[in-house]
S.K.: 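Below is a structure I'd like to ask you about.
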Amino acid sequence: MDTAPFHVCGPGERPPRPRPVGTPEGLGDRMRAAAFAEKQAVAAFTWAADHFTDAPAGLRAAWRAQVPEEQEHYGLIVARMAELGQDLDARPVSLGLWRALTACATAEEFCILIAAAEERGRQAGLRTSRALAGSDPATAAVFERIAADEVAHVALAETWFGWTPDTGTD
């Protein structure tokens with residue numbers, strides 16, 4: 001996976017904790033992490049569609065169809081960061097999600113893992129949007145938009161494998 005322009009933690013390293021969301025630096029931390037998650041999703045959906053021969057053709061097509069939306073999410077965040085004067089490479093980010101996704105042995109394992117990650121990101125986006133609604137409505141709108149789109153991404157795990165965030169991996 002091409003990680004440019006991000007600064008990536010080395011193996012076994014964790015990124016620094018995000019600073020308070022009410023500060024420009026803390027907002028940048030959250031946006032940077034979200035942008036990198038979107039970049040990983042682009043790569044992961046593309047990889048999975050080609051890699052998992054056990055995936056039904058319809059699921060592989062659905063993964064490929066997610067890529068443009070993930071690219072759009074990445075672009076929305078990156079553009080807003082530029083408007084705010086935030087650098088993508090200002091602090092390290094983690095490749096943990098990518099490593100976990102590419103370690104999956106089956107299409108089902110991958111689908112559920114990425115759905116769980118997308119749901120965590122959706123929830124974080126909603127929290128960030130609420131926190132920023134009064135002080136930075138433009139950034140809040142970006143996170144709100146992405147969170148709304150992620151619902152369909154998470155739903156793939158239910159459609160194909162009966163998994164929802166409420167049911168866990170059963």
Side-chain angles (χ1 to χ4, degrees), residues 1-52 63 66-105 109-133 135-151 153-154 157 165 169:
M1 182 185 139
D2 177 13
T3 61
F6 294 92
H7 173 69
V8 177
C9 294
E13 293 180 359
R14 295 186 56 96
R17 286 182 133 355
R19 294 164 284 194
V21 71
T23 66
E25 297 82 12
L27 178 57
D29 293 346
R30 282 154 185 81
M31 295 182 80
R32 186 174 304 104
F36 194 60
E38 297 295 345
K39 184 167 185 147
Q40 289 177 92
V42 168
F45 281 126
T46 302
W47 173 84
D50 294 335
H51 178 79
F52 288 111
W63 285 338
Q66 300 291 35
V67 171
E69 198 164 83
E70 299 291 1
Q71 289 170 324
E72 181 182 8
H73 295 167
Y74 176 78
L76 289 169
I77 297 167
V78 170
R80 185 65 184 140
M81 287 181 75
E83 291 169 3
L84 296 172
Q86 296 286 339
D87 294 324
L88 288 169
D89 64 350
R91 293 183 92 191
V93 293
S94 172
L95 264 175
L97 177 61
W98 173 252
R99 288 185 183 116
L101 291 168
T102 57
C104 290
E109 182 183 359
F110 173 88
C111 190
I112 291 170
L113 185 61
I114 199 161
E118 296 267 293
E119 178 61 18
R120 284 190 306 277
R122 189 181 81 77
Q123 293 295 328
L126 290 172
R127 284 190 303 276
T128 302
S129 178
R130 285 191 299 269
L132 298 173
S135 61
D136 185 352
T139 303
V142 168
F143 280 103
E144 185 77 25
R145 159 79 187 286
I146 293 169
D149 290 346
E150 299 297 5
V151 172
H153 303 187
V154 174
T169 58

S.K.: Please check if the side chain of Q86 supplies one atom and the backbone of P24 the other of a donor-acceptor pair under 3.5 Å.
M.R.: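 Checked: pair present.
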S.K.: Could you tell me which non-hydrogen atom of A44 sits nearest to which non-hydrogen atom of F110, and how far apart they are?
M.R.: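 Taking A44 first and F110 second, the nearest heavy atoms are O-CZ, 3.5 Å.
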S.K.: Would you say the side-chain atoms of T102 pair up with the backbone N or O of W98, donor to acceptor, closer than 3.5 Å?
M.R.: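 Checking the backbone N and O of W98 against the side chain of T102, a donor-acceptor pair under 3.5 Å is found.
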S.K.: What is the minimum heavy-atom distance between W63 and C111, and which atoms define it?
M.R.: CZ2-CB, 3.9 Å
S.K.: Okay, side chain of T139, backbone of D136: is any donor-acceptor separation there less than 3.5 Å?
M.R.: no
S.K.: Please, which pairs that meet side-chain hydrogen bond (donor to acceptor under 3.5 Å, both in side chains) have at least one residue in residues 24-37, sequence neighbours excluded?
M.R.: R19-D29, D29-R32, D29-R91
S.K.: Side chains of R99 and Q40: closer than 4.5 Å at any heavy-atom pair?
M.R.: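 R99 vs Q40: side chains apart.
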S.K.: Taking the side chain as every heavy atom from C-beta outward, state whether E69 and E38 have any pair of such atoms under 4.5 Å apart.
M.R.: no
S.K.: May I have the step-by-step check of salt bridge (Lys or Arg N to Asp or Glu O under 4.0 Å) for R120 and E150, ending in yes or no?
M.R.: CA-CA 10 Å; R120 284 190 306 277; E150 299 297 5; over 6 Å; no
S.K.: What's the separation between atom CD1 in I114 and atom CG in L101, rounded to the nearest 0.5 Å?
M.R.: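 Here the interatomic distance stands at 5.0 Å.
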S.K.: Evaluate the side-chain proximity of F52 to W47: yes if any heavy-atom separation is below 4.5 Å, no if none is.
M.R.: yes
S.K.: For a quick test of reading the model, state the closest non-hydrogen atom pair linking A147 to L126 and the distance between them.
M.R.: CB-CD2, 3.7 Å
S.K.: Distance check, rounded to the nearest 0.5 Å: D87 atom CG versus M31 atom CE?
M.R.: 12.5 Å
S.K.: When you compare the side chains of H153 and E119, does any donor N or O come within less than 3.5 Å of an acceptor on the partner?
M.R.: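 Absent: no donor and acceptor within the cut-off.
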S.K.: Taking only distance into account, with no hydrogens and no angle test, what donor-acceptor pairs under 3.5 Å do side-chain atoms of residues 2-10 form with protein atoms, sequence neighbours excluded?
M.R.:
{"from": "D2", "atom 1": "OD1", "to": "A4", "atom 2": "N", "distance (Å)": "3.0"}

S.K.: So do the side chains of S94 and F36 get within less than 4.5 Å of each other, counting heavy atoms only?
M.R.: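 The answer is no, as the side chains (C-beta and beyond) never meet within the 4.5 Å cut-off.
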S.K.: Going from NE2 on H51 to SG on C104, what distance comes out if it is rounded to the nearest 0.5 angstrom?
M.R.: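 SG of C104 is found 9.0 Å from NE2 of H51.
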S.K.: Rounded to the nearest 0.5 Å, what separates atom CG in D149 from atom CZ in R122?
M.R.: 11.5 Å
S.K.: Is any side-chain heavy atom of R14 closer than 4.5 Å to a side-chain heavy atom of P92?
M.R.: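 They are not in side-chain contact.
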S.K.: Got a second to check how far I77's CD1 is from K39's NZ, nearest 0.5 Å?
M.R.: 12.5 Å
S.K.: Starting at OG1 of T46, measure out to CD of Q66 and round the result to the nearest 0.5 Å.
M.R.: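 The OG1 atom of T46 sits 11.0 Å away from the CD atom of Q66.
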